**Student:** 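One structure, pasted below without further comment.
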Amino acid sequence: MHAALHEVLGAHALQAGSLVAPDRLRFDFNHPEALSSAEVEEIEARVNQAIFKDFPLQTIIKPLQQAISEGAMALFGEKYGENVRTVTVGLQDPISYELCGGTHVHGTGDIGLFLVTSEGSGGSRCSQD
């Protein structure tokens with residue numbers, strides 16, 4: 001989803017938090033306005049395309065500076081240790097390469113159908129998650 005957000009909205013759409021639960025995902029990201037229905041449809045289409053291709057995921061622990069120099073996406077507001085866990089989605093022609101604390105699937109096909117069910121401002125959300 002992070003890669004799709006970048007492709008559709010631009011590089012400013014950075015992850016700002018998330019919740020991964022067995023029945024849903026909440027993905028917080030920065031963007032100055034509500035998404036249009038066309039943007040939501042395009043994001044869903046890109047994510048579902050990656051899911052249907054069942055890309056494998058590869059995780060490797062490596063030095064932070066090596067991961068950054070290789071182009072791994074990192075949220076620089078976060079504090080990282082000397083060694084970090086990297087996740088690559090798609091091994092031949094990667095669609096995503098990021099620092100990640102935890103992978104919840106072995107391949108994108110494990111995800112199933114991806115749908116955006118709601119969107120809201122972080123400032124308007126109650127602390128129910």
Side-chain angles (χ1 to χ4, degrees):
M1 180 169 176
H2 209 186
L5 286 169
H6 278 215
E7 293 167 0
V8 175
L9 303 177
H12 69 277
L14 295 175
Q15 181 176 355
S18 66
L19 169 73
V20 179
D23 60 339
R24 67 190 173 109
L25 163 70
R26 189 195 76 233
F27 191 91
D28 305 331
F29 63 96
N30 299 313
H31 188 60
E33 58 194 30
L35 300 181
S36 70
S37 58
E39 288 169 329
V40 170
E41 288 175 15
E42 182 65 21
I43 291 164
E44 287 177 338
R46 288 172 186 259
V47 173
N48 281 313
Q49 183 179 39
I51 290 169
F52 297 146
K53 288 184 177 181
D54 195 19
F55 289 114
L57 273 68
Q58 179 181 55
T59 59
I60 299 175
I61 305 289
K62 58 179 67 175
L64 173 62
Q65 290 309 315
Q66 177 184 347
I68 300 285
S69 68
E70 292 172 350
M73 182 179 295
L75 304 176
F76 293 98
E78 298 288 327
K79 295 186 180 182
Y80 298 102
E82 184 177 322
N83 292 309
V84 294
R85 184 170 185 267
T86 63
V87 176
T88 305
V89 179
L91 304 181
Q92 295 292 343
D93 188 17
I95 61 170
S96 179
Y97 178 46
E98 300 187 20
L99 304 185
C100 182
T103 302
H104 308 281
V105 298
H106 297 287
T108 58
D110 295 346
I111 296 167
L113 182 64
F114 174 85
L115 295 172
V116 174
T117 59
S118 67
E119 177 195 4
S121 167
S124 68
R125 186 180 64 237
C126 297
S127 60
Q128 59 191 358
D129 296 329

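From a predicted model like this one, the values you see are computed outputs, not experimental measurements.
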**Student:** Establish whether Phe29 and Phe114 are linked, either directly or via other cluster members, by ILVMFWY side-chain heavy-atom contacts under 4.5 Å.
**Tutor:** yes
**Student:** For a quick test of reading the model, state the closest non-hydrogen atom pair linking Leu64 to Gly81 and the distance between them.
**Tutor:** CB-O, 3.7 Å
**Student:** Going from CE on Met1 to CD1 on Ile111, what distance comes out if it is rounded to the nearest 0.5 angstrom?
**Tutor:** 11.5 Å
**Student:** Shortest non-hydrogen contact from Glu33 to His31?
**Tutor:** O-CD2, 3.0 Å
**Student:** Can you check whether Leu19 reaches Arg24 side chain to side chain, under 4.5 Å on heavy atoms?
**Tutor:** yes
**Student:** Please report the shortest heavy-atom distance between Ala67 and Val84, naming the atom on each side.
**Tutor:** CB-CG2, 4.0 Å
**Student:** With clusters defined by side-chain heavy atoms of hydrophobic residues (ILVMFWY) lying less than 4.5 Å apart, directly or transitively, does Val40 cluster with Leu5?
**Tutor:** yes
**Student:** Can you tell me if Glu82 has over 12 outside heavy atoms packed within less than 6.0 Å of its CD?
**Tutor:** no
**Student:** Which heavy atom of Val87 sits nearest to which heavy atom of Cys100, and what is that distance?
**Tutor:** CG2-CB, 3.5 Å
**Student:** Would you say the side chain of Leu35 lies within less than 4.5 Å of the side chain of Ile43, judging by non-hydrogen atoms?
**Tutor:** yes
**Student:** Side-chain contact, heavy-atom cut-off 4.5 Å: Pro94 with Gln58?
**Tutor:** no
**Student:** Could you grab the distance from atom CG of Leu99 to atom NZ of Lys62, nearest 0.5 Å is fine?
**Tutor:** 9.5 Å
**Student:** Checking Gln15 side chain against Phe27 main chain: does a donor-acceptor pair fall under 3.5 Å?
**Tutor:** no
**Student:** Atom CD1 in Ile51, atom CG in Asp110: separation rounded to 0.5 Å?
**Tutor:** 10.0 Å
**Student:** Would you name the heavy atoms of Val47 and Ala4 that are closest together and state the gap between them?
**Tutor:** CG2-CB, 3.8 Å
**Student:** Would Phe55 end up clustered with Ile60 when hydrophobic side chains under 4.5 Å apart are linked, directly or stepwise?
**Tutor:** no
**Student:** Between the main-chain N or O of Ala50 and the side-chain N or O of Thr108, is there a donor-acceptor pair closer than 3.5 Å?
**Tutor:** yes
**Student:** Give the minimum heavy-atom separation between Ala3 and Ile95, together with the two atoms involved.
**Tutor:** CB-O, 3.5 Å
**Student:** Looking at Val8, is its backbone amide N or carbonyl O close enough to the side chain of Glu42 to form a donor-acceptor pair, meaning the two atoms are under 3.5 Å apart?
**Tutor:** no
**Student:** Please report the interatomic distance CD(Glu41) to CG(Asn48), rounded to the nearest 0.5 Å.
**Tutor:** 12.0 Å
**Student:** Does Ser36 reach the main-chain N or O of Glu39 with its side chain, forming a donor-acceptor pair under 3.5 Å?
**Tutor:** yes
**Student:** Could you tell me the separation between the OG1 atom of Thr86 and the CG atom of Leu57, rounded to the nearest 0.5 Å?
**Tutor:** 10.5 Å
**Student:** For atom CG of Asp93, decide whether the heavy atoms of other residues, nucleotides or ligands shown that lie under 6.0 angstrom number more than 12.
**Tutor:** no
**Student:** Name the orientation class of the two ring planes belonging to His2 and His6 (parallel below 30°, tilted from 30 to 60°, perpendicular beyond 60°).
**Tutor:** perpendicular
